[in-house]
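Presented below is the structure to which this report refers.
Just so it is clear: chains get the letters A, B, ... in the order the sequence lines come, proteins before strands, and each one is counted from 1.
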Protein chains: 2
Amino acid sequence: MKYCSISEVSAKFNIPESTLRYYEKKGLLPRIERDEAGRRLFSEVQMALLQTVICLKNTRMPIREIKQYMDWIQEGDATIERRLEMMTKHKQKVLDEISLMTDSLQGIDEKIKRYTNRIREERS
Amino acid sequence: MKYCSISEVSAKFNIPESTLRYYEKKGLLPRIERDEAGRRLFSEVQMALLQTVICLKNTRMPIREIKQYMDWIQEGDATIERRLEMMTKHKQKVLDEISLMTDSLQGIDEKIKRYTNRIREERS
DNA sequence: TGTTGACTTAAACCATGGTTTAAGTCGTAT
DNA sequence: ATACGACTTAAACCATGGTTTAAGTCAACA
């Protein structure tokens, strides 16, 4: 089993060390193992969990909610239904968010076209 | 020309009055006209500008940048190229953001499938 | 005339999500 | 031996984007 130091994890996932420590403190990552000197050792499992945290953050799930989800993972199979419900609802929120952004992009595209035309006309 | 009070605009755009005042103070809306009693009167033009602010906010443009854009609109035609450049760059950021969310949705979908299967098996 | 209700302001307050700082502990290369 | 670099902690600090509060003004209705 390979372990990574915080600097390696930071480089690998492109996340500041301070943020990794902050995530652990906030409970987004289960208690990370330590070496004899107290330094964090990230196992493969913990890096997989970090990948999940990143996925949820990319879709803008708030930290409190991510913590709840990670807590449920630690609790084991008894929480699977709650996790399914959370992910299903979250997925819908993300789809709604993507729709809103996609719709709003049309307003931006209009401006781009308008400005492009105005500049073209001006040059003629 | 029809004017709207702040409460009407708040209802129409579903934005708290406090937020509308905050936007004006931050310079996202040009100085709103007032009646004799000092109350805000939103003209059609200002509501169109507000719609633009909302569009940019929906796509997560930061307030400072929206302010810059609105300032350029007030400055007139001399700023059209800068506005075009800003909108073009912003559009790309929004597309990148949508891609990231869309990709991350796959991780969420996997979890949903896994949990769904586990629950189905458990019931059998 | 006086009391609502809708508005005004400046300033204080709040939540979120980190980042930075200060002080200290190791392990190792010189 | 010591000095350096990588790490540790708790606590302070910061930016962003509002929201809330307190104190006051005004119009209209009873």
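Scanning residues 29-41 of chain B for heavy-atom distances under 4.0 Å to DNA chain C yields B:R34, B:G38, B:R39, B:R40. Listed by residue number, the members of residues 52-68 of chain B with any heavy atom below 4.0 angstrom from DNA chain D are B:K57, B:P62, B:I63, B:R64. Within residues 8-24 of chain A, the residues that have a heavy atom under 4.0 Å from DNA chain C are, in order of number, A:P16, A:S18, A:T19, A:Y22, A:Y23.
Among residues two or more places apart in sequence or in another chain, the salt bridge (charged side-chain N to carboxylate O under 4.0 Å, His left out) test is passed with A:E17 by A:R21. By the salt bridge (charged side-chain N to carboxylate O under 4.0 Å, His left out) test, A:K91 is found to be paired with B:D109, residues two or more places apart in sequence or in another chain being considered. Residues forming a side-chain hydrogen bond (donor to acceptor under 3.5 Å, both in side chains) with A:D35 (at least two apart in sequence, or on another chain): A:R39. For the salt bridge (charged side-chain N to carboxylate O under 4.0 Å, His left out) test, no residue two or more places apart in sequence or in another chain qualifies with B:K113. Residues meeting the side-chain hydrogen bond (donor to acceptor under 3.5 Å, both in side chains) test with A:Q92, sequence neighbours left out: A:D96. With sequence neighbours left out, A:I98 forms a side chain to side chain contact (heavy atoms under 4.5 Å, CB included) with A:V94, A:T102, B:I98, B:M101, B:T102, B:L105.
Between B:S5 and C:dA6 there is no side-chain N or O to OP1 or OP2 distance below 4.0 Å.
Side chains of B:N117 and B:R120: a donor on one and an acceptor on the other come within 3.5 Å. For the 3.5 Å distance criterion, the side chains of B:T88 and B:E85 fail to qualify, holding no donor opposite an acceptor.
Residues A:M86 and B:I119 fall within the same hydrophobic cluster, defined by Ile, Leu, Val, Met, Phe, Trp and Tyr side chains chained together at heavy-atom separations under 4.5 Å.
The span of DNA chain D lying next to chain A, judged by atoms under 4.0 Å from heavy atoms, is bounded 5' to 3' by D:dC7 to D:dT9.
At distances below 3.5 Å, at least one donor-acceptor pair connects side-chain atoms of B:T116 with backbone N or O atoms of B:I112.
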Under 3.5 Å donor-acceptor pairs involving side-chain atoms of residues 68-80 of chain B, not counting sequence neighbours:
from: B:Y69; atom 1: OH; to: A:Y115; atom 2: OH; distance (Å): 2.6
from: B:D71; atom 1: OD1; to: B:K67; atom 2: NZ; distance (Å): 3.3
from: B:D71; atom 1: OD2; to: B:K67; atom 2: NZ; distance (Å): 2.8
from: B:D77; atom 1: OD1; to: A:R118; atom 2: NH1; distance (Å): 2.9
from: B:T79; atom 1: OG1; to: B:W72; atom 2: O; distance (Å): 2.7
from: B:T79; atom 1: OG1; to: B:G76; atom 2: O; distance (Å): 2.8
from: B:T79; atom 1: OG1; to: B:R83; atom 2: NE; distance (Å): 3.0
from: B:T79; atom 1: OG1; to: B:R83; atom 2: NH2; distance (Å): 3.2

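Listed by first then second residue, pairs satisfying salt bridge (charged side-chain N to carboxylate O under 4.0 Å, His left out) with a partner in residues 52-66 of chain A read A:R60-B:E97, not counting sequence neighbours.
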